[in-house]
There are 2 protein chains.
Amino acid sequence: MYSDSIIKNFRSYVDFQQKELDAFFDLAHYQKFKKNEMLFESGPGSCPFILIKSGCLMTYFTGEKDFIHVIQFGIENWWTGDLNSFMQEEASIYSIKAMANTEVYILGKKEFESLCAKFPNFEKYFRILFQNSLVSHQKRIIRNISFTAEEKYLTFTQNFGKLELILPQKYIASYLGITPEFLSMIRRKLAGR
Amino acid sequence: MYSDSIIKNFRSYVDFQQKELDAFFDLAHYQKFKKNEMLFESGPGSCPFILIKSGCLMTYFTGEKDFIHVIQFGIENWWTGDLNSFMQEEASIYSIKAMANTEVYILGKKEFESLCAKFPNFEKYFRILFQNSLVSHQKRIIRNISFTAEEKYLTFTQNFGKLELILPQKYIASYLGITPEFLSMIRRKLAGR
DNA sequence: GCATATCGTTAAAGTAGTTTAATAAAATGG
DNA sequence: CCATTTTATTAAACTACTTTAACGATATGC
């Protein structure tokens, strides 16, 4: 259940002591999900904060005509969830689904706050985590406002690599903000057909 | 030079002691900019981290054919800058311009780290700041992938209110990821003409 | 306060991306 | 392993948005 990869990742941000990491594994709830299982469904309950040990999670919301808008794909060592719902303990419109067999550590709000309050290193860790996440969100916004659909897709393949192979194309299209039909055309064109 | 509004804002996130706030005002560099003055120009130097006391700053980068892509409009109590450039002390492609007479507090990397290291409250403050910023960036991404141009514009007017009146429309259009010509048509349609 | 550049508006033509619909391919479940 | 559902492909018609260009309105500097 303990994970070298997760620990290594923690320590790449902050110089954690063993007892601090122990506290995390103590407070976090380890859980496995099979491919296509739901980890969280939108609704009145607040969304947990999730660290992915292995596998892949998709965070999305459902819009008009049951259309699924994909907000994020999360992979190994990524945190995911609805931060707003988590922090404010409000209802969430997001849902989270396992796109592959997935292992996670789930944090509740109390546990999160307890970690931050007890260990300045965790406060620092999350500060840096959010800071880095902010940078990548900003980059995604830049792509959204200045890239063509083809450029967005090419960036996706660069950023997510092999993940593309296991994800249904309609969700990739949704993540990019284009239709699956158009993504299909882009891929055909890029394949030189 | 000290600002009640800024202090009030600091304290809305974290219960700061006076000496902590004093340390901030001590380390930060207060500066005034006239409308249309450049606060930072893209290039090899790393971008500072800026807290706006009053006025309005526009963060943007220049793309092909000198086209300006607006990343953010910042107003009173907002932080702005190129977080990536700031944290990694790398060159920035961003530039920052005053869209109105503007007062700011500018933080350097060393000063930022010194605040975080000395005062856990500042570490916490920035953690919450980045956390909230992340939530609004995520919302903006959702708008980008799921809203029409008209819906994006309406959200902008709701979010920024009076600011719209002082900003050249071509920059609003750029921020929304549409052409100024199309924004002009949207506004005419909304005005019922 | 005039000259000049910049910005905003309008309209026509063009295009990137959507919609619809029909068919093919692949995944899922009993 | 077959039946059913879901997903991907393709193509034609469509539309939201862009491009270009010309003109009018505003701002800016000398």
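Throughout, protein chains are lettered first and strands after them, A, B, ... in sequence-line order, and every chain is numbered starting at 1. What you see is a predicted model; the values in this text were computed from it and never measured.
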Checklist outcome for this item: Rounded to the nearest 0.5 Å, the CG atom of N144(B) sits from the CG atom of L176(A) at a distance of 12.5 Å
Checklist entry - Whole-Å distance between dT19(C) P and L183(A) CG? => result 15 Å
Checklist entry - How many Å lie between CG on L190(A) and P on dA8(D), as a whole number? => result 17 Å
Next on the checklist: Near DNA chain C, counting only heavy atoms under 4.0 Å, which residues of residues 154-162 of chain B show up?
Outcome noted: none
Next on the checklist: Check the phosphate of dT9(D) against R188(A), side-chain N and O only, distance under 4.0 Å to OP1 or OP2. Yes or no?
Outcome noted: no
Next on the checklist: Check for me whether R140(B) meets the cation-pi criterion with Y175(B), that is, NZ or CZ under 6.0 Å from the six-membered ring centre and within 45 degrees of the ring axis.
Outcome noted: yes
Item to check | Electrostatic pair R187(A)-E164(A), nearest N-O below 4.0 angstrom | outcome: yes
Item to check | Positions of residues 164-174 of chain A (non-hydrogen atom under 4.0 Å from DNA chain D), listed by number | outcome: P168(A), Q169(A), K170(A)
Next on the checklist: Can you work out whether E181(B) or I186(B) has the more 5'-proximal nearest nucleotide on DNA chain D?
Outcome noted: I186(B)
Checklist entry - Over how many whole Å does the gap from I178(B) atom CD1 to dA16(D) atom C1' extend? => result 11 Å
Checklist outcome for this item: One should read off an interatomic distance between R127(A) CZ and F126(B) CZ, to the nearest 0.5 angstrom, of 8.0 Å
Item to check | Length of the line joining D66(A):CG and dT6(D):C1', which is rounded to integer Å | outcome: 15 Å
Item to check | S174(B) side chain to K170(B) backbone, donor-acceptor under 3.5 Å | outcome: no
Next on the checklist: How many whole angstroms separate atom CG of L176(A) from atom P of dA16(C)?
Outcome noted: 18 Å
Next on the checklist: Can you tell me how far apart CZ (R188(B)) and CE (M185(B)) are? Round to the nearest 0.5 Å.
Outcome noted: 6.0 Å
Checklist entry - Under 3.5 Å, is there a donor-acceptor pair linking the side chains of Q72(A) and T80(A)? => result yes
Checklist entry - Rounded to whole angstroms, how far apart are CZ on R187(A) and C1' on dA8(D)? => result 10 Å
Checklist entry - How far does CD of E41(A) sit from OG1 of T62(A), to the nearest 0.5 angstrom? => result 9.0 Å
Item to check | Of K35(B) and G177(B), the one whose closest DNA chain D nucleotide lies more 5' | outcome: G177(B)
Sequence neighbours excluded and cut-off under 3.5 Å, please list the side-chain donor-acceptor pairs for residues 93-100 of chain B, or say none.
| from | atom 1 | to | atom 2 | distance (Å) |
| --- | --- | --- | --- | --- |
| Y94(B) | OH | Q138(A) | OE1 | 3.3 |
| S95(B) | OG | S42(B) | N | 2.9 |

Checklist outcome for this item: Between CG of N144(B) and P of dC17(D) the distance, given in whole Å, is 12 Å
Item to check | Distance below 4.0 Å between N36(B) side-chain N/O and dA27(D) OP1 or OP2 | outcome: no
Next on the checklist: Rounded to whole Å, please give me the gap between CE in M185(A) and P in dT20(C).
Outcome noted: 17 Å
